[in-house]
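To start, the structure itself, in structure tokens.
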There are 2 protein chains.
Amino acid sequence: MGKQMTEMLKGTLEGIVLALLALGPAYGYEITARLRDQGFADIAEGTVYALLVRIEQRGLVDVEKVPSEKGPPRKVFTLNARGREALDEFWSSWGFLADRLAHLKEGQ
Amino acid sequence: MGKQMTEMLKGTLEGIVLALLALGPAYGYEITARLRDQGFADIAEGTVYALLVRIEQRGLVDVEKVPSEKGPPRKVFTLNARGREALDEFWSSWGFLADRLAHLKEGQ
DNA sequence: ACCGGTACATAGTAACGCTGAATAGTGGAT
DNA sequence: ATCCACTATTCAGCGTTACTATGTACCGGT
């Protein structure tokens with residue numbers, strides 16, 4: 001992936017994943033697949049798993065182990081109240097930034 | 001500043017500064033002031049100067065020392081052709097990301 | 001027995017913005 | 001004369017994040 005996008009994803013990738021989880025519970029492998037569908041083709045699996053560990057440790061998600069028919073057991077993540085709060089804060093920060101940049105792009 | 005915004009600025013702050021320089025040449029101290037005017041109230045001076053060093057080393061700006069009436073000489077930065085190219089790439093990456101996130105915010 | 005798809009995990013690295021401080025010149029207030 | 005505020009730049013050390021590369025493990029089809 002471009003270095004530019006790599007840097008730009010810092011901080012936003014977490015928000016993106018929280019937003020995906022707001023649509024419904026999901027497990028890591030599934031999230032990487034959804035990211036690919038969303039156009040983030042080159043996000044490494046390892047990146048997603050590391051991110052999920054972080055948001056779990058910060059208590060933004062509830063975790064459940066669910067057996068899979070075709071592989072090791074899945075770790076299903078569900079956004080909880082604190083996670084929804086974090087997602088709201090993310091949208092707020094993002095909104096500010098997007099607003100500023102839209103303003104700048106207009107040529108002032 | 002919020003940790004969230006700190007992380008989100010990674011990658012975008014450079015684009016913001018390039019966009020400011022696209023409006024006309026400026027020196028470091030002036031850029032931090034413009035950022036404040038634009039609403040980025042809490043961006044550290046040291047951050048801006050470090051960023052300017054980076055974009056100078058990457059050849060995105062031309063630099064000129066200009067004496068100041070009220071202090072040490074100013075380093076005036078002017079966006080050059082490579083800088084405008086980098087700015088275009090930034091807007092392209094930003095556009096992609098903003099588009100994806102707008103899509104996500106709609107609830108899918 | 002092997003290979004590909006599913007599923008999770010981690011050690012090491014690079015990049016970036018922040019904190020805090022140092023340096024240095026000018027002008028006005030006390 | 002001295003102190004303070006404003007102008008202007010620079011640097012060392014830190015924390016966070018995403019990437020690379022690799023390893024583990026389970027399953028079904030050939």
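The analysis underlying the following values was restricted to heavy atoms, covering all of them including side chains, and did not include hydrogens, waters or symmetry mates. Here is the naming used below: chain letters follow the sequence lines, and residue numbers restart at 1 for every chain.
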Under 4.0 Å between any heavy atoms, over every strand shown, what does [X] touch: base, sugar-phosphate, or nothing? Just pick one.
{"X": "Leu52(A)", "result": "nothing"}
{"X": "Gly11(A)", "result": "sugar-phosphate"}
{"X": "Glu30(A)", "result": "nothing"}

Given [options], the nucleotide with the shortest approach to the side chain of [X]:
{"X": "Tyr49(A)", "options": "dA7(C), dT9(D), dA18(D)", "answer": "dA7(C)"}
{"X": "Glu14(B)", "options": "dC16(C), dT17(D), dT9(D)", "answer": "dC16(C)"}
{"X": "Ser68(B)", "options": "dA7(C), dC16(C), dT7(D)", "answer": "dT7(D)"}
{"X": "Leu9(A)", "options": "dA8(D), dG17(C), dC19(D)", "answer": "dC19(D)"}
{"X": "Ala44(A)", "options": "dA24(C), dA18(D), dT20(D)", "answer": "dT20(D)"}
{"X": "Lys75(B)", "options": "dC18(C), dT9(D), dT16(D)", "answer": "dT9(D)"}
{"X": "Tyr29(A)", "options": "dT7(D), dA7(C), dG17(C)", "answer": "dA7(C)"}
{"X": "Lys10(A)", "options": "dT9(D), dA15(C), dG17(C)", "answer": "dA15(C)"}
{"X": "Thr47(A)", "options": "dA18(D), dT9(D), dA7(C)", "answer": "dA18(D)"}
{"X": "Pro72(B)", "options": "dA15(C), dT7(D), dC8(C)", "answer": "dT7(D)"}

Please state how far atom [atom1] in [X] lies from atom [atom2] in [N], giving the value in whole angstrom units.
{"X": "Glu56(B)", "N": "dC11(D)", "atom1": "CD", "atom2": "P", "answer": "11 Å"}
{"X": "Leu51(A)", "N": "dT17(D)", "atom1": "CG", "atom2": "P", "answer": "8 Å"}
{"X": "Arg54(A)", "N": "dA9(C)", "atom1": "CZ", "atom2": "C1'", "answer": "14 Å"}
{"X": "Gln57(A)", "N": "dT17(D)", "atom1": "CD", "atom2": "P", "answer": "11 Å"}
{"X": "Arg34(A)", "N": "dT6(C)", "atom1": "CZ", "atom2": "P", "answer": "15 Å"}
{"X": "Met5(A)", "N": "dT17(D)", "atom1": "CE", "atom2": "P", "answer": "19 Å"}
{"X": "Ile16(B)", "N": "dC16(C)", "atom1": "CD1", "atom2": "C1'", "answer": "13 Å"}
{"X": "Glu7(A)", "N": "dA14(C)", "atom1": "CD", "atom2": "P", "answer": "13 Å"}

Practice item. Find which nucleotide of DNA chain C each of Ala50(A) and Lys3(A) is nearest to by heavy atoms, and output the residue with the more 5' nucleotide. Key: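 Closest to the 5' end, via its nearest nucleotide, is Ala50(A).
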Study note, to complete from the structure: Per nearest nucleotide of DNA chain D, the residue lying toward the 5' end, Val48(A) or Glu69(A), is Val48(A)
**Study point:** Any Tyr27(B) side-chain N or O less than 4.0 Å from OP1/OP2 of dA8(D)
**Key:**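 Yes, because at least one side-chain N or O of Tyr27(B) sits under 4.0 Å from OP1 or OP2 of dA8(D).
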Practice item. Respond yes when some side-chain nitrogen or oxygen of Arg74(B) is under 4.0 Å from OP1 or OP2 of dT7(D), and no when none is. Key: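 So the side chain of Arg74(B) is outside the cut-off, no N or O lying under 4.0 Å from OP1 or OP2 of dT7(D).
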Review point. Would you call Glu7(B) and Lys3(B) a salt bridge, using N to O less than 4.0 angstrom?
Key: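 A salt bridge is absent here (no side-chain N lies under 4.0 Å from a carboxylate O).
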Exercise for review: May I ask you to say whether Glu30(A) pairs ionically with Arg74(A), meaning some side-chain N is under 4.0 Å from a carboxylate O?
Suggested key: no
Practice item. Check the pair Ile31(B), Leu21(B) against side-chain contact (heavy atoms from CB on, under 4.5 Å), reporting the backbone distance first and the verdict last. Key: CA-CA 8 Å; Ile31(B) 291 172; Leu21(B) 285 176; 4.0 Å; yes
Review point. Between the base of dT26(C) and the side chain of Lys70(B), is there any donor-acceptor pair under 3.5 Å?
Key: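 Check fails, no donor-acceptor contact within cut-off.
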Review point. Taking it one step at a time, do Phe40(A) and Leu13(A) satisfy side-chain contact (heavy atoms from CB on, under 4.5 Å)?
Key: CA-CA 10 Å; Phe40(A) 301 100; Leu13(A) 183 56; 6.0 Å; no
Check your understanding: Would you say Leu20(A) and Val53(A) are hydrophobically clustered, going by side-chain heavy atoms of ILVMFWY under 4.5 Å?
Key -> no
Practice item. Decide whether Val63(A) and Val48(A) are clustered together by the hydrophobic rule: side chain heavy atoms of Ile, Leu, Val, Met, Phe, Trp, Tyr closer than 4.5 Å, transitively. Key: yes
